[in-house]
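One structure is given below, encoded as structure tokens.
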Amino acid sequence: MVPRLCKVGLFFKSRKRFKIFRSVSVINMSSRTGPEDTKKPFVDKYFECAENGNKEELSFLLKSTVNVDQRNEKGWTALMFAARHGQTGVIETLLEKGCDTNIVNKTGQTAQDIALFWDQNLAAKLIEAHMKEENPDQQLRNFFSLNHLDRASEKRKDKDWLQAKISDETSQFLLLSELKPFVLPIKDKTSKWRYRLCWLDHNKISSHLTSDTVILFLGIDHSSSQSLFAIDVSGKEESKFKDLQPEGSFMVPFPGSLQMEPSDAGIFAEARSMMDWLERYKFCATCGSSTDITEGGHKRVCRNQECKSNKGIHNTAYPRTDPSVIMLVISADGKRCLLGRKKQFPAKMWSCLAGFMEPGESIEDTVRREVEEESGVKVGRVDYHSSQPWPFPASLMLGTIAYAKTEDIKVDEDEMEDAQWFRRPEIVQMLTHQHPQGLYIPPEQAIAHQIIKSWVRNTASSNL
Ligand SMILES: NC(=O)C1=CN([C@@H]2O[C@H](COP(=O)(O)OP(=O)(O)OC[C@H]3O[C@@H](n4cnc5c(N)ncnc54)[C@H](O)[C@@H]3O)[C@@H](O)[C@H]2O)C=CC1
Ligand SMILES: [Mg+2]
Ligand SMILES: [Mg+2]
Ligand SMILES: [Mg+2]
Ligand SMILES: [Zn+2]
């Protein structure tokens with residue numbers, strides 16, 4: 001969507017920003033000495049290079065001091081400055097360096113919005129082409145859903161194939177101990193992610209395999225043609241696995257997995273939810289007998305031949321996913337949105353309302369029921385936004401935007417600490433960590449963040 005902002009207004013804002021920014025940086029250099037302040041002249045220079053098209057100096061700054069997605073106090077990134085001024089060479093460099101094209105500034109615009117608004121069509125096309133290359137379907141893919149593996153479900157029933165792949169020297173294994181994945185630190189300081197999954201080949205793990213080790217087939221990585229498995233090593237001394245990979249460690253999944261390289265986080269989501277199901281659903285839900293794991297870990301079969309679960313299709317034999325809705329409720333005047341605080345939330349964090357679906361309920365009705373239960377607000381229309389697997393233990397978040405018909409709030413005190421309407425400018429402060437009281441919303445890895453950001457972005461032109 002192209003924001004319909006007043007161009008002159010934005011232009012003056014932008015010029016003013018530069019004047020203020022530069023004069024502040026001079027004061028900073030002489031009067032303060034914190035690490036951020038010593039970096040500031042370089043950051044200023046970085047933005048200046050983006051604006052002026054100075055690719056060489058910008059590349060040098062990126063190598064030595066500056067983070068590619070560095071923002072200024074108005075939330076602008078170098079990509080935004082380059083987009084504003086149509087600096088296509090700089091845009092190419094920044095895209096090559098892996099800059100994030102989805103960042104919004106404090107008025108809710110992405111770099112592409114800015115390029116379109118200023119008629120920098122070549123710049124807009126470049127950014128769009130890059131976004132299409134990264135995401136050909138042009139669909140928001142939330143964190144934990146970027147699992148690139150082919151799950152190859154047709155192979156799961158082929159016991160010989162699975163057995164051959166388990167002992168194949170090219171196959172790779174992920175260890176999970178008490179649902180904690182074995183990970184390696186990411187050493188590249190310019191990466192915004194801290195961990196990646198540690199894959200081990202059959203030779204390394206074979207001595208840890210016993211007849212009752214749970215082995216889960218995750219899928220095939222088509223780029224390497226490798227088959228990937230997860231194995232449960234719970235109950236074994238975790239420090240022993242250091243011998244296999246001295247830099248490896250078992251990571252506490254929450255919040256650690258939010259810092260995992262996104263594609264690995266998607267594989268982890270599959271592995272964790274599945275392993276949790278395999279561990280917790282050992283007995284048949286229909287007759288209570290023991291079950292056997294089949295189909296590479298994707299099914300449990302009751303040992304009791306007479307059991308109803310062995311006749312026809314029974315969902316008790318398959319892994320669970322609990323659909324939940326999560327919604328940003330917009331006020332009838334379109335100017336505010338409703339956020340809540342669950343009792344367990346960290347101080348000052350506010351988020352979308354959310355709740356589990358009940359059997360026989362539509363997504364829309366679940367949204368209406370949960371919003372009314374938790375806040376007393378009545379909702380009319382509900383639009384789908386995007387979804388997110390949430391592997392704690394196995395939720396599927398169905399993200400929506402919901403339109404309120406009433407305003408009065410009555411908080412469900414059993415579940416919620418508070419629920420309040422927030423105006424857009426305050427939401428922008430919370431989104432960009434600039435709120436005067438330090439209020440904030442969940443990080444970008446949570447679908448709640450993405451839904452809130454969409455609303456801020458889609459209302460960038462409406463002067464709310
Ligand atoms: N990814 C994200 O941005 C966010 C994800 N969430 C997740 O959404 C899910 C649902 O949100 P809540 O507000 O907790 O739901 P909720 O509003 O339905 O309340 C939770 C209560 O519902 C009951 N319940 C009903 N079905 C359940 C099931 N299948 N599993 C567990 N409890 C069930 C339990 O009594 C539980 O205490 C949770 O898994 C939560 O972790 C919540 C907020 C943000
Ligand atoms: Mg809830
Ligand atoms: Mg609820
Ligand atoms: Mg509920
Ligand atoms: Zn049974």
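Throughout, residue positions are numbered sequentially from 1 according to the sequence presented. Counting starts at 1 for both ligands and their atoms, following the listed order.
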Checklist line | Side-chain H-bond candidate by donor/acceptor type, S263 with H148, under 3.5 Å | finding: yes
Next item on the list: Would you check if the Mg ion (ligand 2) lies under 2.8 Å from any N, O or S atom of E415?
Entry: yes
Note to self: Could you check whether R84 makes a cation-pi contact with W118, meaning its NZ or CZ is under 6.0 Å from the centre of the six-membered ring and within 45° of the ring axis?
What the structure shows: yes
Check: Between R341 and E417, is the closest basic N to carboxylate O distance under 4.0 Å?
Finding: yes
Next item on the list: Specify the protein heavy atom at minimum distance from atom 44 (C) of ligand 1: its residue, its atom name, and the distance to 0.1 Å.
Entry: I326 CD1, 3.4 Å
Next item on the list: Considering only NZ, NE, NH1 and NH2 on the basic side and carboxylate oxygens on the acidic side, decide whether D292 and R300 come within less than 4.0 Å.
Entry: no
Next item on the list: Tell me which protein heavy atom sits closest to atom 21 (C) of ligand 1, plus the residue, atom name and distance to 0.1 Å.
Entry: F356 CD1, 4.6 Å
Item checked: Cationic N near anionic O, under 4.0 Å, D100 to K192 -> yes
Next item on the list: Could you tell me how the ring of F217 sits relative to the ring of W161: parallel (under 30°), tilted (30 to 60°) or perpendicular (over 60°)?
Entry: perpendicular
Check: Tell me, which protein residue and heavy-atom name are nearest atom 1 (N) of ligand 1, and how many Å apart are they?
Finding: Q388 OE1, 3.1 Å
Margin query: If you round to 10 degrees, what value do you get for the angle at the Zn ion (ligand 5) between C284 atom SG and C307 atom SG?
Written below: 110°
Note to self: Before moving on, can you tell me the angle at the Zn ion (ligand 5) between the SG atom of C302 and the SG atom of C287, to the nearest 10 degrees?
What the structure shows: 100°
Notebook entry, point to check: Has E370 got an N/O/S atom less than 2.8 Å from the Mg ion (ligand 2)?
Noted result: no
Item checked: Nearest-neighbour protein heavy atom for atom 41 (O) of ligand 1, which is reported as residue plus atom name and distance -> W390 NE1, 3.4 Å
Note to self: Using a 4.0 Å cutoff against the non-hydrogen atoms of I447, which atoms of ligand 1 qualify?
What the structure shows: 1 (N), 2 (C), 3 (O)
Item checked: the Mg ion (ligand 2) to nearest N/O/S of A354 less than 2.8 Å -> yes
Check: Charged N to carboxylate O under 4.0 angstrom, R336 versus E407?
Finding: yes
Notebook entry, point to check: Can the ring centres of F144 and W390 be said to be less than 6.0 Å apart?
Noted result: yes
Note to self: If the cut-off is 4.0 Å to any non-hydrogen atom of E374, which atoms of ligand 1 fall inside it?
What the structure shows: 17 (O)
Note to self: Return the closest protein heavy atom for atom 15 (O) of ligand 1 as residue, atom name and distance.
What the structure shows: G355 CA, 3.3 Å
